Protein chains: 2
Amino acid sequence: MRSDCPLNFGLELFGDKWTLLIIRDLMFFNKRYYNEFLSSAEKISTNILADRLALLEKQGFICKGKDKEHKQKIVYSLTGKGIDLLPVIIEIGLWSDKYAGDLLSPHKEVILGRMKQDREKALATLKEKLKQKHL
Amino acid sequence: MRSDCPLNFGLELFGDKWTLLIIRDLMFFNKRYYNEFLSSAEKISTNILADRLALLEKQGFICKGKDKEHKQKIVYSLTGKGIDLLPVIIEIGLWSDKYAGDLLSPHKEVILGRMKQDREKALATLKEKLKQKHL
DNA sequence: GTTTTGTACTTGTTTTTTGCAAGTTGTTGG
DNA sequence: CCAACAACTTGCAAAAAACAAGTACAAAAC
């Protein structure tokens, strides 16, 4: 580690252009399989995806599971540590909503709109849903 | 841009290991000069610092000013767009506070403690102070 | 039951970014 | 005048990312 600063601690773990996008896919787009992450809009390359999934699992943000029906499939899901990144992701979203102008998807309002109305409640509701889906 | 997702928008601008640390130095450590950023705990290298300062200015997160007394010195300060990254930085800090265990500086509690007590008020107070110092 | 497809990767190569050391240009205090 | 300072720039080696292709094994199709 480069320092004992809390911000730096987080940045060393997920301060790059890809890691939080994988978490987002798990949180908001209900993606669970390798191929689903691969086909996201940002077009992550396969070696980077494999690398980040391994790192995320190693640090305990996500965990791997077996699929009952399809033995060859591996199911990825969030841990509590991963779910707790929700406020970080939401704040980045809110900042972008303020400064990106009309460059963003119109669908953003579904989530961000509620956050602007009542942040604490909207966060709590979303976190509960994530816990039910993932833990 | 890789996509029209709000999270991705933010990550393209400050999704790396260094950019937010410079913003942090401006926000919490009252750093204003090139050499001050250079001497932070994380030891950024000089070419990366120059590159990030140029990017941050280009995107309107910070602005360059002249120092009255010392003509050779350049003063960096935050814009409103930069100040609005405060919640993002705080959320990363709160997350780290929860998961880093005892790896973090004890000084963290000065800021993070108040955030846990009354987030909205603490954020508003800090933002006001930043506006007075920078704008 | 054998070929084909699907899924989760790995490997190799090129390009880009980072990290490190040193050099450059104008400033200023003595 | 001159050494130290401040804000960079430049050059090069190392690491990481992007791109293209290949592999191993399960399952579906024929």
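Because the structure is predicted, anything quoted here is derived from the model rather than measured. Hydrogens, waters and symmetry mates are skipped; everything else that's a heavy atom, side chains included, is used.
The distance from atom CG of Leu49(B) to atom P of dT17(C) is 18 Å, rounded to the nearest whole Å. Rounded to whole angstrom, the span from the NZ atom of Lys73(A) across to the P atom of dT5(C) amounts to 18 Å. Between the NZ atom of Lys66(A) and the C1' atom of dT7(C) there is a distance of 13 Å, given to the nearest Å. Here dT17(C) presents its P atom at 9 Å from CG of Asp51(B), a figure rounded to the nearest Å.
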Collect all protein-nucleotide pairs involving nucleotides 24-26 of chain C in which both atoms are nitrogen or oxygen and the distance is under 3.5 Å.
from: dG26(C); atom 1: N2; to: Gln72(B); atom 2: OE1; distance (Å): 2.8

Just the table, please: protein N/O against nucleotides 9-15 of chain C N/O, every pair under 3.5 Å.
from: dC9(C); atom 1: OP2; to: Tyr76(A); atom 2: OH; distance (Å): 2.3

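Thr19(A) approaches Leu13(A) most closely through the heavy-atom pair CG2-O, 4.4 Å. Between Lys43(B) and Ser39(B), the shortest heavy-atom distance links the atoms NZ-O, 4.1 Å. Nearest heavy atoms, Lys81(A) versus Tyr99(B): CA-OH, 3.4 Å.
For the pair Ser40(A) (side chain) and Glu42(A) (backbone), a donor-acceptor distance under 3.5 Å is absent.
The residues Lys108(B) and Asp97(B) are annotated as salt-bridged, a charged nitrogen and a carboxylate oxygen being separated by less than 4.0 angstrom. Residues Arg119(B) and Glu91(A) are paired through a salt bridge, judged by an N-O separation under 4.0 Å between the basic side chain and the carboxylate. With respect to the salt-bridge test (charged N to carboxylate O, under 4.0 angstrom), the residues Asp84(B) and Lys127(B) qualify.
In this structure, Tyr33(A) and Arg2(A) both approach DNA chain C, and ranking their closest nucleotides by distance from the 5' end singles out Tyr33(A). Projected onto DNA chain D by closest heavy-atom contact, Lys43(A) and His70(A) fall at different nucleotides, the more 5' of which corresponds to Lys43(A).
Note that OH of Tyr34(B) and NZ of Lys73(B) are 15.0 Å apart. Values are rounded to the nearest 0.5 Å.
Leu135(B) is listed as a side-chain neighbour of Ile83(B), based on a closest heavy-atom distance under 4.5 Å. Counting only heavy atoms from C-beta outward, the side chains of Leu104(B) and Ser96(B) approach each other to under 4.5 Å.
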Ignoring hydrogens and angles, write down the donor-acceptor pairs under 3.5 Å from the side chains of residues 56-72 of chain A, residues two or more places apart or on other chains.
from: Asp67(A); atom 1: OD1; to: Glu69(A); atom 2: N; distance (Å): 3.1
from: Asp67(A); atom 1: OD1; to: His70(A); atom 2: N; distance (Å): 3.3
from: Asp67(A); atom 1: OD2; to: Tyr33(A); atom 2: OH; distance (Å): 2.5

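Nucleotides of DNA chain D that come within less than 4.0 Å of any heavy atom of chain A span, from the 5' end to the 3' end, dA17(D) to dA28(D).
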Dump the intermediate steps for side chain to side chain contact (heavy atoms under 4.5 Å, CB included) on Lys116(B) and Leu94(B), then the final yes or no. CA-CA 8 Å; Lys116(B) 281 184 273 186; Leu94(B) 287 169; 3.7 Å; yes
Residue pair Leu21(A), Ile44(A): steps toward the side chain to side chain contact (heavy atoms under 4.5 Å, CB included) verdict: CA-CA 9 Å; Leu21(A) 292 179; Ile44(A) 192 171; over 6 Å; no
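In this structure, Arg2(B) is positioned above the aromatic face of Trp18(A), its NZ or CZ under 6.0 Å from the six-membered ring centre and within 45° of the axis.
Rounded to 10 degrees, the angle between the two end axes of the helix from dG1(C)-dC30(D) to dG30(C)-dC1(D) is 10°, with five pairs used at each end.
Paired with Leu53(A) under the rule side chain to side chain contact (heavy atoms under 4.5 Å, CB included), one option of Ile22(A), Ile74(A), Ile48(A) passes, and it is Ile22(A).
Between Lys133(B) and Asn30(B), the side chains place a donor N or O and an acceptor N or O closer than 3.5 Å (distance only, hydrogens not considered).
Of the residues in residues 9-20 of chain B, not one comes within less than 4.0 Å of DNA chain D through any heavy atom.
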